Every structure is written in structure tokens, then in C-alpha cells.
Amino acid sequence: MRLLPHRRLALPAVAALTAGLLTVLAPAGSAPPPASAATASALTADLDRLLTDPRLAGATAAVKVVDADTGEVLYAHDSQHLVLPASTMKLVTSAAALDLLGTGYRFGTDVLAAGRSDAGVLRGDLVLRGGGDPSLLAQDLDALAGQVAESGVRLVTGSLDYDASRYDDVPLGSGWAWDDEPYYYSPQISALTLASDTDYDMGTLQVTLTPGEPGKPAAVRVVPADTGVEITGSVTTGGAGSGYSVDVTRRHGTGEIVLSGSLPADNGPDDEWVTVNDPAEVTARVFAAALARHGVRVLGRGPVAAATPDGARRVAHHDSAPLGDLLVPFLKLSNNGIAEHLVKEMGRVGDGDGSWSAGLARTADFLHRNGLDPTPARQADGSGLSRYDLVTADRYTALLAHARKQPWFATWYEALPIAGNPDRMVGGTLANRMRGTAAAGNVHAKTGSMSGVNTLAGYVTSPEGRNLVFAVLVNDFAGASPRPVIDQIAVRLAAGPAPAEQLRAQVERGSADPSDEPSPSTGARGRTWD
């Protein structure tokens, strides 16, 4: 099942910060004086004590806390150790993309006519050309088809072609697990792709299963429609109160979607997400159906993968929302696909090469130019899904402090998950964490989680009004999740000195019931949900 409650929402514009918030976040000319020896000693003692929690036994915990205004290191524990970041890697990717592309950057999708038009007849091919848009929806393709019809084209004597050549043809990131491939958080990356929802889970289908009579198959609805994807198997309707065992997966190496399992008769409609094989072809099929609905007839074969011919003229265009707005689903909901699109787009814009290698080189250049690589690291993708990624707490605190001085900071800061806010487009992956504590509404931070990895890095204001940046990166645990300990550290930074027992009680009260928490469906899969 989907790991975060899903609502279909229009993408909200990033809210403007209040004047008071800007005052708090701006680098202050009258920053608080350096922490007293007693304050620093109390923080060290408290964090040291929290790191003795049994859930961290045998684990690696890299922790660093820095006063963002003065640069004073308030706490460091193994902060130079290389560890897996999981989705906190998105901090690096998003900052580099904002630096190179800017908050106003948009992705474009074009339809081009390759041939001569006369009296509504295009004597040649029609080309759907992807521009790397990670937020393209079926209604956007429908609008493009409408533009084609409005341009006067009613008959295409050639074929419907699709062009995804803006990016290379490598669909999956280095170090991604093969058994993650069917799941929405591990989509194939293509310059022409289609999202199934307004969370922008691109390269996926949303499969809605509605129970019928006991013993009968559940009804199946697929969004987007008209993909031509083969769906086999079925989900049985069980008796009221019976167990839930639905599985929607894609057969490895194919486009076949396989349904199995059982759904209780008294269960409401159940939404599942599954990746498609060859997103560009699937997108073109949906566009072909939209053309037909708008009365545009294509005589030739298609859809066909082909490069756009020289001299083709544009007959329809769609722009994405600006990057500043796309940061909201990207960072709040930890959208892996958007991260990888940004990496390839940086490579394309910076070097004319829409590949992971070119984009990651641009990211490394951003870090180096700004002195944000004080320790070695390794970045293999943009999202943190790769098991090859390695970072240090030192790198994260350097990046977080640097970001506060950038013109895009306010947009970035507000796009980070905000602790304890139940609105998923505000609280994001921190919506159910630290509620009712001093960290709620205070901590703006990126989460990260996969098997054996739990991380948090971001911003918090101390009780004395200090602007702090922090990183807590825990690796190599095999038992209970250390996430409550991470939250206790964040609450301690927000609330000031408190006994460990008190911090523990606050975090427990401020978290949703465990049954409501997102969690990996299979621990061995290294599933990244935040």
C-alpha cells in the first residue's frame, strides 16, 4: 500500500515567509554571543547520553550541530565518518539545482510537425518531444492534443513519433536494487514520462482496486488510462474483516503488471502504485488517445521512438510549474524521481549531456566552488536510493549553513518537511513526528530512511534564539528503528536542557500511533519512503 496518506491536491505555490520568520532566518548582524561553556557542556552531556540508547548499540551515529550565524561547532560525534544518507541526499541535489537552474526554471514539452501542412493535413510525422518534465500529467497531454487540433492539423499521413533524447537511455540509477524496480519510489527515468498523480510519481500507474462480492474479483481502474499496459491476474474479494494480502507488481524486465492477493469486502477502494517499463512509450500511447479524442487522426504506425527531424516546427507546448513550486512535492514527500530528473537536467543544461555522470559532475562542482566538500564523499544518484552514496555530517552542516546566504533560501527552507504539522504538503515526512514538542513548527529538515539507515538534517532555532544547523545520520542498525532517538536530539536542540526520560516521553507523545507510521513493506528491500 502507499506509504503516505494520499490526497489529490493541486500543486500549491510556496507560501511567502512572514517578516518575522525572515528576521529569524536571515544571517543576523547582531547574532547571539558564543555559547557559554556551561551551555556547550550541557548540550554535549545530553547528546552523549542520548547516543547511548540501546537502539544504537552496534550502529554508527554521525552527528553535528553548528551555530549557523557564528560557525561555532556546538557538538560533533563521528561527524567525519562516511555513512549512507538515504533521502537526505536530496538536500545536495536540490541546492545544486537551485544554484544552476534557479527557482523559476521550467521544463517544457513540445509537439512538433515534421512535414508540410495543407488544408488540415500534415504530410509527414507528428513528434511528441520530452523536455524532462517530472510533473507531466494526462490532462497536460490532453491539452497538448487540443493545441494540435486548434493549430489546424486534423490528419497526419505519417506516424506519431516520440522523442526522449534530451536525456540518455539509462533508466535506473547506479546501485539501485533490482527488486525495488516495481515500486513507485524506483521509477525508470526518461526525458518523456507521465505522472499518475499530483504527487508527481512519474513513470507509474495508479491501480485502484474496489472490492466486490465475497469470492468475486475486485474491480480494477488504472490511471492514467489508455497506456496499453498489460495487466494480468486478479485480486479476490474476501469476506468482511478478512485479511489484506494485495500485491501489485511488475514482472521483472517486462511491462506486465501482475495482480494477486485478497481484499476484504468491507475495505474501501485501495490505491496502489506500480512503475511502468519504458515510460516514454507509455506517455506517447496516452497522447495518441488524446489526439483521437480531439479529432486528430494519425494514418501511419505509432507511437514510434524517433529523433525530431531538423526543421520540424512546434505546434503545441506545455510548461511545468517553476522549480520553486516543484520543490514542495520533491522535498516534502521525498519524491525520488524528481531528484533524478534534476540531476540529468543539470547535466543537459550545464554540459549538453542529460546523464547521471554529467549532472553529478555539476553537483560536485557546486559543492567545490562553495567550499562545501570539507570531507570526502560519494554521490551516485540524486535521491539517495543508491547504496553507493556516502556522505558526512560535516558536509551537511556546511551545506545547510551556506544555503542560508543564498537568494533561493526562503523557497528551499519552506519546502523542507516541518516537524509536527499534520498537513502532508507542509509537514511532509515529518507530519507525524515531534507533535506537541518545542520542535513542532520549528524543525525544518529532510528525512531519510532505508533498511539499516535513518537520517535527519536541517534547521532548528534554540530557546536562546540561535539559528542552528544539524545532521544526525544513523547507519548499520538491525533491530528497532533509532528514529525516536533522532527525534529526541532534535527536540533537545529546540527545547534546551531536559532529562533524557522527559525527551523520550515528549517524542513518544508527539508521534502518531505506530500503526499509522510509514514503514518499509519488506526490510530486506531497502525501501526508501522518506
Side-chain angles (χ1 to χ4, degrees), residues 109-111 125-130 133-146 148-149 155-156 158-165 167 169 171-172 181-184 186-197 200-210 217-235 247-260 271-308 316 318 337:
T109 304
D110 291 321
V111 182
D125 302 327
L126 195 66
V127 184
L128 176 65
R129 183 171 66 190
D133 187 355
S135 63
L136 194 68
L137 298 168
Q139 53 260 44
D140 300 326
L141 291 178
D142 190 76
L144 283 169
V148 172
L155 181 67
V156 178
S159 62
L160 172 61
D161 296 343
Y162 60 93
D163 181 355
S165 62
Y167 297 164
D169 59 359
L172 299 171
E181 290 180 24
Y183 299 104
Y184 75 94
S186 184
Q188 295 185 14
I189 305 302
S190 170
L192 179 62
T193 190
L194 189 63
S196 61
D197 55 29
Y200 303 137
D201 292 315
M202 79 289 294
T204 70
L205 298 180
Q206 178 184 339
V207 180
T208 300
L209 302 165
T210 303
V220 180
R221 185 173 76 93
V222 176
V223 175
D226 305 312
T227 62
V229 170
E230 179 186 11
I231 298 180
T232 62
S234 65
V235 171
D247 187 38
V248 178
T249 189
R250 178 166 56 83
R251 197 177 301 281
H252 185 65
T254 76
E256 179 187 358
I257 308 299
V258 182
L259 311 181
S260 62
D271 291 333
E272 304 283 340
W273 280 257
V274 62
T275 60
V276 299
N277 191 51
D278 196 347
E281 181 181 6
V282 169
T283 303
R285 288 175 184 165
V286 175
F287 181 61
L291 287 172
R293 286 195 302 272
H294 284 274
V296 179
R297 186 182 176 197
V298 179
L299 295 182
R301 62 194 182 98
V304 178
T308 304
H318 169 77

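None of the values given here were measured: they were computed from a predicted structure.
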Student check: side-chain heavy atoms of [X] and [Y] closer than 4.5 Å:
{"X": "L128", "Y": "L192", "value": "yes"}
{"X": "Y200", "Y": "S135", "value": "yes"}
{"X": "D247", "Y": "V235", "value": "no"}
{"X": "V156", "Y": "D125", "value": "no"}
{"X": "P171", "Y": "I189", "value": "no"}

Nearest-0.5 Å distance that lies between atom [atom1] in [X] and atom [atom2] in [Y]:
{"X": "L205", "Y": "W273", "atom1": "CG", "atom2": "CH2", "answer": "11.5 Å"}
{"X": "S190", "Y": "D278", "atom1": "OG", "atom2": "CG", "answer": "7.0 Å"}
{"X": "T109", "Y": "L136", "atom1": "OG1", "atom2": "CG", "answer": "4.5 Å"}
{"X": "E272", "Y": "L209", "atom1": "CD", "atom2": "CG", "answer": "6.5 Å"}
{"X": "Q139", "Y": "H318", "atom1": "CD", "atom2": "NE2", "answer": "9.0 Å"}
{"X": "T283", "Y": "D133", "atom1": "OG1", "atom2": "CG", "answer": "10.5 Å"}

Could you pull out the closest heavy-atom pair between [X] and [Y], with the gap in Å?
{"X": "P224", "Y": "A138", "answer": "CB-CB, 4.1 Å"}
{"X": "Y162", "Y": "P303", "answer": "CD2-CB, 3.7 Å"}
{"X": "A316", "Y": "V148", "answer": "CB-CG2, 4.1 Å"}
{"X": "L160", "Y": "A288", "answer": "CD2-CB, 3.6 Å"}
{"X": "M202", "Y": "G337", "answer": "SD-CA, 3.3 Å"}

Side-chain donor or acceptor of [X] paired with backbone N/O of [Y] under 3.5 Å:
{"X": "T227", "Y": "V229", "answer": "yes"}
{"X": "T193", "Y": "G203", "answer": "yes"}
{"X": "R250", "Y": "T254", "answer": "yes"}

Evaluate side-chain contact (heavy atoms from CB on, under 4.5 Å) for D197 paired with V223, printing each intermediate quantity in order. CA-CA 8 Å; D197 55 29; V223 175; over 6 Å; no
Going by the rule side-chain contact (heavy atoms from CB on, under 4.5 Å), which residues pair with A290 if we only count those two or more places apart in sequence or in a different chain? D142, A145, R293
Show your reasoning for whether side-chain contact (heavy atoms from CB on, under 4.5 Å) applies to L172 and E181. CA-CA 9 Å; L172 299 171; E181 290 180 24; 3.5 Å; yes
Determine whether the side chains of [X] and [Y] contain a donor N or O and an acceptor N or O closer than 3.5 Å.
{"X": "S165", "Y": "D163", "answer": "yes"}
{"X": "S196", "Y": "D201", "answer": "no"}
{"X": "T232", "Y": "E256", "answer": "yes"}

Run the side-chain contact (heavy atoms from CB on, under 4.5 Å) check on L144 and F287 step by step: do they pass? CA-CA 8 Å; L144 283 169; F287 181 61; 4.0 Å; yes
Applying the side chain to side chain donor-acceptor pair (under 3.5 Å) test to Q188, which of T275, N277, T204 qualifies? N277
Please report the C-alpha distance between L194 and L141 in whole Å, then the side-chain angles of each, then the deciding distance to 0.1 Å, and finally whether the side-chain contact (heavy atoms from CB on, under 4.5 Å) criterion is met. CA-CA 9 Å; L194 189 63; L141 291 178; 3.7 Å; yes
